[in-house]
Student: 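Take a look at the following structure, please.
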Amino acid sequence: MIFNIWNLKKIASKLNERKPELKLDTVGLAYLTDFYFDARYPGDDFYTVTKEEFEKCQSIMYDTVNKLKSAE
């Protein structure tokens, strides 16, 4: 199985298929993926995130990490 390793939504979807109890937030992880590409490849659309956007991303990240750790 080959897929884009930077597409967090696709990775989470596959993990949710194999371990449905994880209930990873694919919408939230798609949101993080968008920020990754904007930061990695800044262009004309580049902007600085707000504190609220940062906190939302941080919350999604911590939620995902905690769910993955609990599945070990």
Student: So, for L22 and K67, which heavy atoms are closest and what is the spacing to 0.1 Å?
Tutor: O-CD, 3.2 Å
Student: Rounded to the nearest 0.5 Å, how far apart are CZ of F54 and CE of M61?
Tutor: 7.5 Å
Student: Locate the shortest heavy-atom distance separating L24 from L29; write the atom from each residue and the value.
Tutor: CB-CD1, 4.5 Å
Student: Please name the pair of heavy atoms, one in K19 and one in A71, separated by the smallest distance, quoted to 0.1 Å.
Tutor: NZ-O, 4.0 Å
Student: What is the distance from atom CG of D63 to atom CD of Q58, rounded to the nearest 0.5 Å?
Tutor: 12.5 Å
Student: Report the distance from atom CG of N16 to atom NZ of K9, rounding to the nearest 0.5 Å.
Tutor: 11.5 Å
Student: Is a side-chain N or O of T33 found less than 3.5 angstrom from the main chain of N7, in a donor-acceptor match?
Tutor: no
Student: Are L68 and L15 packed together at the side-chain level, in the sense that at least one heavy-atom pair is separated by less than 4.5 angstrom?
Tutor: yes
